[in-house]
K.L.:
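A single structure is presented below for examination.
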Amino acid sequence: MAVLFTGIGELTTNADAASPTATISGAALLVDDGRVAWVGPAADASRSGDGVEVVDLGGRAVIPGFVDSHTHLVFAGDRAEEFEARMTGTPYAAGGIRRTVAATRAADDETLRARLAGFVAELHAQGTTTFEVKTGYDLTTEGEARLARLAAEVTDEVTYLGAHVVPEGVDRAAYVDLVCGEMLAAVRPHVRWVDVFCETGAFTAVESERILRAGAAAGLGVRVHGNQLGAGPGVQLAVRLGAASVDHCTHLTDADVAALAASDTVATVLPGVEFSTRQPYPDARRLIDAGVTVAIASDCNPGSSFTSSMPLMIALAVREMGMTVGEAVWAATAGGARALRRADVGHLGVGARADLVVLDAPSRRHLAYRPGVPLVHRVYHGGERLV
Ligand code: NIG
Ligand code: FE
């Protein structure tokens, strides 16, 4: 049945090309067959016709469902002691990943599946309706294929991150061969993307390029973890290979910013990482002012950012990275969709999948203004109520 949502105090659609962050006051939105069928001022909405259910949202704000384009949700255990040590001065290092690898290898499918289901419920409760999940916490051929298969049970956006770190006791060159060969073939049926942690302590530019090219040759889209712990080659490599996104972008040179601005590669910032590793935040203002497309994601993982909260990411983006509320909401919805090369989500234009977050607030500003407060009132996915 079609549903007319009315009484929307402030509607964000991301669908006005001339004014991407604009809002509509006193709006209504018609959903038919899981898609947005009409949107505009409530006064113009036609309520006539049989079979249209009217839902009055009582003046609340509505935004598109969040698109979290970067998570690592298939793992076991946690690293709370590592976090605590970091808060008293121990720096974050890529090597901590190996601890989660050991715990994940020891967990059976049911344990990982239950954990994943818990995270999905957590995402939905906070307004996330589309999310990506990476492998990368097993690092053996059978294990990475298992993580990819489990992730594919909960999302279409699965990323192969065999190149997370070189596992303990394995020869580097042999591991890169494995990631480009047998392991890639084993995960291939379950994944859409290939990613590399291109960073000191993880993979070099040469290794990363080889792995990404192997993934692309197998038909996968390219994503890169780059420029997190220091200035490095990740951004330039991502742009050169036509990656959909390069994620972190904490340490950028002017040449990196210029390369991004001249490309179709999205810069995805992950402020949960800087919060949880006590590092300086990326300069999102510099990126936006240079004309770069910016997305915001949670990077939810047990090491560097164990939060799945997109509302928290928006609050951090506004407080710490110089973004306006409108830019931050756009980056957490439409920006995430661009980073996943998806046109059907991240906006509420006619034809979009009807993924709506109803906030218990009159304006999206409250996402930054009331940090840490559970403001998600209702969540719809394809017109079906999830929360
Ligand atoms: O995005 N960079 C690689 N992966 C994660 C960290 C993973 C971990 O520490 O377990 C990240 O920050
Ligand atoms: Fe990550």
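Read the numbers this way: they start at 1 and go in the same order the structure lists the ligands and their atoms.
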K.L.:
Hey, mind stepping through R86 and E82 against salt bridge (charged side-chain N to carboxylate O under 4.0 Å, His left out) and telling me if it holds?
P.N.:
CA-CA 6 Å; R86 216 157 46 230; E82 190 183 304; 3.5 Å; yes
K.L.:
Rounding to 10°, state the angle centred on the Fe ion (ligand 2) that links OD1 in D299 with NE2 in H72.
P.N.:
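It comes to 80°.
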K.L.:
Name each N or O atom in ligand 1 that is under 3.5 Å from a protein N or O, and give the partner atom and the distance.
P.N.:
| residue | atom | partner | partner atom | Å |
| --- | --- | --- | --- | --- |
| ligand 1 | 1 (O) | H72 | NE2 | 3.4 |
| ligand 1 | 1 (O) | H225 | NE2 | 3.1 |
| ligand 1 | 1 (O) | H248 | NE2 | 3.2 |
| ligand 1 | 1 (O) | D299 | OD1 | 3.1 |
| ligand 1 | 1 (O) | D299 | OD2 | 2.6 |
| ligand 1 | 4 (N) | H164 | NE2 | 2.8 |
| ligand 1 | 9 (O) | R79 | NH2 | 2.9 |
| ligand 1 | 9 (O) | Y92 | OH | 2.5 |
| ligand 1 | 10 (O) | R79 | NH1 | 2.8 |
| ligand 1 | 10 (O) | R79 | NH2 | 3.4 |
| ligand 1 | 10 (O) | Y137 | OH | 2.5 |
| ligand 1 | 12 (O) | D299 | OD2 | 3.1 |
| ligand 1 | 12 (O) | S304 | OG | 2.6 |

K.L.:
List the atom of M87, the atom of R278, and the distance in Å for their closest heavy-atom pair.
P.N.:
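Smallest interatomic distance, heavy atoms only, reads O-NH1, 2.7 Å.
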K.L.:
Side chains of H70 and R223: donor-acceptor distance under 3.5 Å anywhere?
P.N.:
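Judged by distance alone, the side chains do not pair up.
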K.L.:
Ring centroids only, cut at 6.0 angstrom: are F5 and Y380 within range, meaning strictly under it?
P.N.:
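That pair passes the under 6.0 Å test.
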K.L.:
Can you confirm whether the side chains of D68 and S298 place a donor and an acceptor under 3.5 Å from each other?
P.N.:
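Yes, because at least one side-chain N or O of D68 sits under 3.5 Å from a partner of the opposite role on S298.
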K.L.:
Given atoms NE2 of H70 and NE2 of H225, what angle do they subtend at the Fe ion (ligand 2), to the nearest 10 degrees?
P.N.:
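Approximately 90° at the metal, rounded to tens of degrees.
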K.L.:
Under 3.5 Å, is there a donor on one side chain and an acceptor on the other for T268 and S245?
P.N.:
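The criterion, which ignores hydrogens and geometry beyond distance, is satisfied for S245 and T268.
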K.L.:
If we count only N and O atoms by modelled type, under 3.5 Å, do the side chains of R338 and S69 hold a donor and an acceptor together?
P.N.:
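The answer is no; no qualifying pair exists.
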